[in-house]
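Here the structure comes first, spelled out in structure tokens, and everything after it is commentary.
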There are 2 protein chains.
Amino acid sequence: MTDIFSSSDLPPPMSIAAVERDCGIPKDTLRIWERRYGFPAPLRDANDERLYPADQVARLRLLRRLIAAGHRPGKVVALPADELLDLIRGLERPPARRARAGADSAVIPERSADAAEVLGALAAHDAERLRSHLAGLLLREGLGGFAGRVGPGLIHAVGAAWARGALEIHQEHLFTDQFTGVLRNAIGAVAATGGPQMPPRVLLTTLPGEPHGLGLLMAEAMFALEGCACVSLGVQTPVRDIALAARAHRADVLALSFSEAIGAGLARAGLADLRALAPADTEIWAGGACPGLRDQPGVHRLRDLAGIAGDVARWRQSAAAQN
Amino acid sequence: MTDIFSSSDLPPPMSIAAVERDCGIPKDTLRIWERRYGFPAPLRDANDERLYPADQVARLRLLRRLIAAGHRPGKVVALPADELLDLIRGLERPPARRARAGADSAVIPERSADAAEVLGALAAHDAERLRSHLAGLLLREGLGGFAGRVGPGLIHAVGAAWARGALEIHQEHLFTDQFTGVLRNAIGAVAATGGPQMPPRVLLTTLPGEPHGLGLLMAEAMFALEGCACVSLGVQTPVRDIALAARAHRADVLALSFSEAIGAGLARAGLADLRALAPADTEIWAGGACPGLRDQPGVHRLRDLAGIAGDVARWRQSAAAQN
DNA sequence: GAGCCTATCTGTCTAGGACAAACAAGGATC
DNA sequence: GATCCTTGTTTGTCCTAGACAGATAGGCTC
């Protein structure tokens, strides 16, 4: 790839705060990696502050993905970029945190024909083609199939393509926007034509630090299809406000979405806080690709989006049994 | 207000990371406030780590509001809670950052009947009522009137209500989600039924640090109504990627949205960087309520959303003149 | 008033040290 | 061979304290 910035010389180095935002690696961690492993090795500006060149930032993004997939920082942080790429390529569960919960192997076909078409539209920067393909998929699969099965696969494929450098960030943004548009339209249609709404009342949101809204939207679609009364607060609601909202809306279920982006520690801590603050009779359902999302007391782990229908049915049975 | 958390005995003290998440105040800032102003004054756990009692966290939330409204930290951080409440109550622009740019007083009727209905629905936590009112407004005003005039007024009214403590954050989130849903539906309808798309090709996004997407969506609606070919990348696209995307999509216009949330410095620096990286023949149009958004070389300042039609017409005239 | 200039304010960066929680590996037991 | 416990290592987050650049306020002059 020839550098399109050759005219304006080079992509500008980033400050430590910018890298934290961009890669999701805390400042403290960046500094301690530098001290312990010798990478990253940022330049310094006139005021002795770190300046991370673009290639090191790219390497950090690879690292984040590897570590999220189970590699240990000490083993991989100092590795050169090409070895990291090899590891990424081999990322169909090489170390993968010794199989923990038994059934973790939801088969996601990363390279289906649909994914190829999506990636092709992105490569061509063709928003219209992307949109119409997504809309077509929605029609072909139905909202349940689209949000429950195809969507997660596409998101995974796009994320993987980005991680191996096949997509730029702006292409991922374009995908996210088009996907959001298609899904929101469909959800709007379900809400407009839907029959009477039934319990459980579901409140959807993500914790602070989790900016990814697609999972939330797909979950909303699944709940809406089951006839649940859904209220979504969008992303990044403070824990205290989630608890307040749960009371205000008399929510039966609090549905939280966790992408790979959020730190495992943040997720656990936030869930624990939330469980303490939310009404005891409100169930907390947590789902998503976040690797650190293990069983937590008082929190129901959603296996995958397609399983939401079953979870709702189970809730209704148990609610009926209590009355 | 009786403490809604009284049932669970007492709210547990929070770690510094939890406070950062909850209040949005960085850890560094919390420590330096403590050092400089004597507040907050957290307890310490067995390991000498800070533990913030719930009342101090509540006070920090008040502080955040006051500072966002223009108060200076040094003046208010050390103030006792009741004085903070007095200040909050008096928050109909008391200090309010001395009026700056001359033509800043776009008359926004903050308390129209529509705003009152929206605030009422939010107070009742009635998502359905909110949604149907917004949808009704859309029908009554048309998409142009909704996105260009009514929407900004509603957003302003909701923001003001939050600033004076009349709304919780989760209520603002609910508004944002419903508003987004209604608007996206309408944009989808325009795109589906719209005639042939004409220049300019418009690429919409926000800079990193600007998480607010409503302005972007309203702008997209206005451009779509003018028949422009729109591509939205959503929020927080890195500057370098905006420039890449501008080339990839052969954009004629780069439309950036700035809410009050983003720092004036960030906005200026980002715009300058972007102007340097983007193709010279791509115009940059910047709009929004950000106070620091002054005239900048090579950047066209959008006065308001309703004026976008005129801006597009002007662009087309000038483009036609060149051919 | 409008513009400029200086002093204060304020957030973010720097450094290295410490430690608890998470983890891997080895050893003992069933 | 599988499960459990113990030990040693890894790793992220918190700590202190100092420095400084950019923004703001207040006084000055025009």
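First the proteins, then the strands, lettered A, B, ... as listed; each starts at 1.
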Point to revise | Under the side chain to side chain contact (heavy atoms under 4.5 Å, CB included) test, residues paired with A/Ser257 that sit two or more places apart | key: A/Thr206, A/Leu216
Practice item. Please list, chain by chain and in numerical order, all residues satisfying side chain to side chain donor-acceptor pair (under 3.5 Å) with B/Trp33, sequence neighbours excluded. Key: none
Exercise for review: Return the set of residues passing side chain to side chain donor-acceptor pair (under 3.5 Å) with A/Glu283 (not counting sequence neighbours), or none when no residue passes.
Suggested key: A/Trp285
Practice item. Find the bend of the helix from C/dG1-D/dC30 to C/dC30-D/dG1 as the angle between its two terminal axes (five pairs each), to the nearest 10°. Key: 30°
Practice item. Scan residues 23-31 of chain B against DNA chain D and write down, sorted by residue number, each residue with any heavy atom closer than 4.0 Å; if none is found, say none. Key: B/Lys27, B/Arg31
Point to revise | Of all pairs that satisfy salt bridge (Lys or Arg N to Asp or Glu O under 4.0 Å), the ones with a partner from residues 40-53 of chain B, not counting sequence neighbours | key: B/Glu34-B/Arg44, B/Glu34-B/Arg50
Exercise for review: Sequence neighbours left out, what passes side chain to side chain contact (heavy atoms under 4.5 Å, CB included) with B/Ala18? Give chain and number order.
Suggested key: A/Asp273, B/Met14, B/Ser15, B/Arg21
Output one line per pair: protein atom, nucleotide atom from nucleotides 7-11 of chain D, and distance, for all N/O pairs under 3.5 Å.
residue: D/dT11; atom: OP1; partner: A/Pro73; partner atom: N; Å: 3.3
residue: D/dT11; atom: OP1; partner: A/Gly74; partner atom: N; Å: 2.7
residue: D/dT11; atom: OP2; partner: A/Tyr37; partner atom: OH; Å: 2.9
residue: D/dT11; atom: OP2; partner: A/Gly74; partner atom: N; Å: 3.1

Check your understanding: What residues, two or more places apart in sequence or in another chain, satisfy salt bridge (Lys or Arg N to Asp or Glu O under 4.0 Å) together with A/Asp28?
Key -> A/Arg31
**Study point:** side chain to side chain contact (heavy atoms under 4.5 Å, CB included) partners for B/Arg61, two or more places apart
**Key:** A/Arg240, B/Asp22, B/Cys23, B/Val57, B/Ala58
Exercise for review: Taking side chain to side chain donor-acceptor pair (under 3.5 Å) as the test, write out the residues that go with B/Glu20, two or more places apart.
Suggested key: B/Lys27
Check your understanding: Phosphate oxygens OP1/OP2 of D/dT16: is one of them under 4.0 Å from a side-chain N or O of B/Arg50?
Key -> yes
